[in-house]
Amino acid sequence: MSERVIGVIRLSDKTDATTSPERQRASITSAAAARGAAIIGWAEDIDVSASQKSPWERPELSKWLARSEEWDALMFWRLDRFVRRVSDFAEMIKWCQARDKNLISASETIDIRSPIGRVIAYIVSAFAEMEAEAIRERVTGSHDYLRKNGRWGGGLAPYGYRADAIPNGKGIRLAEDPDAAEIVREIARRVIARESYVSIAAILNERSTPSPTNQRNINAGRPVDPKVVWSSNSIASIIQSERIRGRVEFKGDVVRDDEANVVLRGPELVDGATWQALEREFQRRRLPDRRRAASAHPLLGVVFCGSCQERMYQGWATERGRPDRRTYVCRSRMRGRRCERPTSVSADAVDEYAKNEFLSRVGSWPVKIEVIEEGEDHRPEIEELEQALDRLETDRYERGLFEGETGAHRFERRHKALSAKLDRLNALPYRAPASTWVETGRTYAQEWNAGDLIEQRRMLVDAGCHIKVKPSGRGKRDICARLSFTLGRHTDTSVAPDASLEGTL
């Protein structure tokens with residue numbers, strides 16, 4: 001009976017033509033035929049690194065290792081296509097010897113059933129590991145060089161940019177993609193104007209603005225995919241990243257040069273003042289009531305118990321032990337607070353009541369946004385520099401980096417540059433920003449219809465909507481609502497800012 005062989009093919013990068021799967025397959029097929037062996041299957045793992053994954057962690061090879069009774073030997077083109085670490089190869093030899101299996105190289109004198117074959121195999125595997133380590137060092141050094149020099153290392157350019165060759169053949173740098181960059185700036189303006197990510201995505205889709213994926217397809221001359229559109233997630237991922245400022249980041253930190261200047265990989269799509277306004281808006285959206293899911297209490301902070309004045313919470317009325325309808329419930333007693341007449345009410349009815357009253361009174365009013373006239377505030381950059389100094393000192397004194405004379409010189413030069421820049425910024429004056437409120441051209445009704453549940457609740461809270469519910473006889477609840485608005489921000493002075501409403505649910 002001829003020897004049963006599994007052909008093992010591996011490639012770290014599927015674009016590497018020098019060690020292509022076809023070349024490996026042809027070599028293994030030829031070597032198996034010369035031995036009189038029969039290839040009964042293939043374990044082909046593409047885009048899999050042998051430095052990071054052992055044979056038992058590879059998708060295809062691991063399947064055959066679990067079925068070892070079906071074959072006699074594993075055959076590979078070269079040992080570095082099989083393993084890169086000496087420890088993995090030693091473990092593989094033990095595993096094969098325990099099961100009377102063989103490991104064979106199609107192009108090297110490796111056959112672990114002979115002593116000389118095992119010695120050669122260990123030597124070759126040691127060199128393979130050394131080569132892998134050298135490759136890692138070259139790649140790491142190359143990436144470090146690219147980061148420090150603001151060069152683009154390849155891959156998909158961030159939205160708003162395109163990858164352009166630097167003149168004189170000095171690599172790749174990010175340049176502004178005019179159409180996409182203007183969309184980034186529009187998104188920034190709308191976010192600062194407190195428009196929701198959902199409504200911004202809807203506006204871009206209504207205009208048939210190409211999504212980030214389709215913009216890249218257009219730039220590359222590929223056809224667009226009509227199914228790929230803007231979403232709230234794509235809006236958030238673009239506008240919340242400092243990549244739109246052209247900055248180079250590494251492990252969450254902004255990369256700086258030896259003069260303590262921020263390294264830029266491309267032009268800033270938004271200026272510093274706009275980014276500070278965005279950060280203020282991000283902070284506002286991170287408030288606790290905004291972290292709730294869309295299925296959360298639609299009127300949290302809006303509907304209150306008329307007896308104890310505490311918030312009412314969402315619950316469910318049951319019918320035969322099953323949830324029947326959504327309610328708003330006073331839970332003061334459960335929380336150890338006093339309430340003379342705790343009550344519950346139909347949630348859908350109160351939601352509809354709040355919506356109708358809000359839109360009937362302010363739906364036609366123009367939405368106004370706060371426009372900040374920036375002062376002179378260097379505190380964010382001062383804080384960045386202080387954090388950079390802390391990290392630099394931690395790297396040296398706690399992590400033991402910057403060792404030796406060269407390391408000490410680099411530490412001293414970088415520390416001196418950071419400290420000098422920090423001193424210059426601390427000496428500059430501070431001037432507080434001023435603000436005015438201007439119309440956006442949209443009404444509250446338009447914002448309400450375009451927004452999600454969280455945005456709608458935010459509009460009610462911002463407007464000072466306050467609904468009180470109190471018990472009033474058999475099966476009824478009196479609704480007493482007070483809607484108040486801040487004049488000059490959201491309203492027209494011709495409309496009374498306060499109103500008391502009576503109704504029954």
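Atom CD of Glu22 is separated from atom OG of Ser27 by 13.5 Å, given to the nearest 0.5 angstrom. In this structure, the separation between CD on Gln240 and OH on Tyr197 is 4.0 Å, given to the nearest 0.5 Å. Distance check: Leu428 CG to Asp423 CG gives 11.0 Å after rounding to the nearest 0.5 Å. Between atom CZ of residue Arg78 and atom CZ of residue Arg10 there is a gap of 10.0 Å, rounded to the nearest 0.5 Å. To the nearest 0.5 Å, atom CD of residue Glu3 and atom CD1 of residue Ile39 are 11.0 Å apart. A distance of 11.0 Å separates CD in Glu281 from CD1 in Ile239, rounded to the nearest 0.5 Å.
For the pair Tyr159 and Arg216, the tightest heavy-atom approach, listed with the atom from each and the gap, is N-NH2, 3.9 Å. Scanning both residues, Trp230 and Pro210, for their nearest heavy atoms gives NE1-O, 3.1 Å. Pairing each heavy atom of Asp45 with each of Leu61, the nearest pair is OD2-N, 3.2 Å. Pairing each heavy atom of Ala188 with each of Val270, the nearest pair is CB-CG1, 4.2 Å. For Ser2 against Ala38, the heavy-atom pair with the smallest separation is OG-CB, 3.8 Å. Here the closest non-hydrogen pair linking Trp77 and Gln24 is CE3-CG, 3.5 Å.
Ion pairing between Glu412 and Lys416 fails under the 4.0 Å rule for side-chain N and carboxylate O. The residues Lys63 and Glu57 are annotated as not salt-bridged, no charged nitrogen and carboxylate oxygen being separated by less than 4.0 angstrom. In summary, Glu44 and Arg25 engage in a salt bridge, as defined by a charged side-chain N under 4.0 Å from a carboxylate O.
Trp71 carries Lys101 over the face of its six-membered ring, with the cationic atom under 6.0 Å from the centre and within 45° of the normal. A cation-pi contact links Arg67 to Trp64, judged by a cut-off of 6.0 Å to the six-membered ring centre and 45° from its axis.
Within 6.0 Å of atom CD in Glu279, more than 12 heavy atoms from other residues, nucleotides or ligands are found, so the atom counts as buried in its surroundings.
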Legend entry - Working for side chain to side chain donor-acceptor pair (under 3.5 Å), residues Asp348 and Tyr328: CA-CA 9 Å; Asp348 291 339; Tyr328 293 140; over 6 Å; no
Inset, instruction - Under the side chain to side chain contact (heavy atoms under 4.5 Å, CB included) rule, what do Asn102 and Cys96 come out as? Steps first, then yes or no, please. - result: CA-CA 6 Å; Asn102 198 5; Cys96 288; over 6 Å; no
Inset, instruction - Evaluate the criterion side chain to side chain donor-acceptor pair (under 3.5 Å) for residue pair Ser234 and Ser237; output intermediate values, then yes/no. - result: CA-CA 5 Å; Ser234 59; Ser237 65; 5.9 Å; no
Legend entry - Audit row: Leu299, Leu460, side chain to side chain contact (heavy atoms under 4.5 Å, CB included) steps and yes/no: CA-CA 8 Å; Leu299 296 183; Leu460 292 171; 3.5 Å; yes
Legend entry - Asp177 vs Asn219, side chain to side chain donor-acceptor pair (under 3.5 Å): CA-CA, chis, key distance, verdict: CA-CA 9 Å; Asp177 181 349; Asn219 293 345; 2.7 Å; yes
Legend entry - side chain to side chain donor-acceptor pair (under 3.5 Å) between Gln314 and Arg326, worked out: CA-CA 7 Å; Gln314 190 169 241; Arg326 197 167 52 89; 2.8 Å; yes
Legend entry - Evaluation steps, side chain to side chain contact (heavy atoms under 4.5 Å, CB included), between Ile187 and Val191: CA-CA 6 Å; Ile187 292 172; Val191 170; 4.1 Å; yes
Legend entry - Ile9 vs Ile28, side chain to side chain contact (heavy atoms under 4.5 Å, CB included): CA-CA, chis, key distance, verdict: CA-CA 9 Å; Ile9 295 173; Ile28 293 170; 4.2 Å; yes
Inset, instruction - Just do the salt bridge (Lys or Arg N to Asp or Glu O under 4.0 Å) check on Arg245 and Glu242 with the steps written out, would you? - result: CA-CA 5 Å; Arg245 302 183 69 190; Glu242 289 207 61; 3.1 Å; yes
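Formation of a donor-acceptor pair under 3.5 Å by the Asp72 side chain with backbone atoms of Arg4 is found in this model. No donor-acceptor pair closer than 3.5 Å links the side chain of Asn214 to the backbone N or O of Asn217. Of the possible polar contacts, none joining the Ser199 side chain to the Glu195 backbone as a donor-acceptor pair under 3.5 Å is found. In this structure, the side chain of Ser241 does not engage the main chain of Ile238 through any donor-acceptor pair within 3.5 Å.
Legend: residues meeting ring-ring contact (aromatic ring centres under 6.0 Å, His included) with Phe76, ordered by chain and number and at least two apart, are Phe82. The side-chain contact (heavy atoms from CB on, under 4.5 Å) search around Glu176 returns Ala181, Arg185, Pro267, Leu269, not counting sequence neighbours.
Within the 4.5 Å cutoff, side-chain heavy atoms of Met92 are placed close to those of Leu65. Between Leu425 and Leu385, some side-chain heavy-atom pair lies under the 4.5 Å cut-off. Residues Arg81 and Pro21 are not in side-chain contact: their nearest non-hydrogen atoms beyond the backbone lie 4.5 Å or more apart. Between Ile235 and Leu204 there is a side-chain heavy-atom pair separated by less than 4.5 Å. Annotation: side chain of Arg35 is not in contact with side chain of Val5 (no heavy-atom distance under 4.5 Å). Inter-residue side-chain proximity for Arg190 and Ile203 is flagged as met; some heavy-atom pair is nearer than 4.5 Å. Residues Asn426 and Leu422 meet the side-chain proximity criterion, which asks for heavy atoms closer than 4.5 Å. Residues Ile183 and Asp179 form no side-chain contact, since every pair of their non-hydrogen atoms from C-beta on lies 4.5 Å or further apart.
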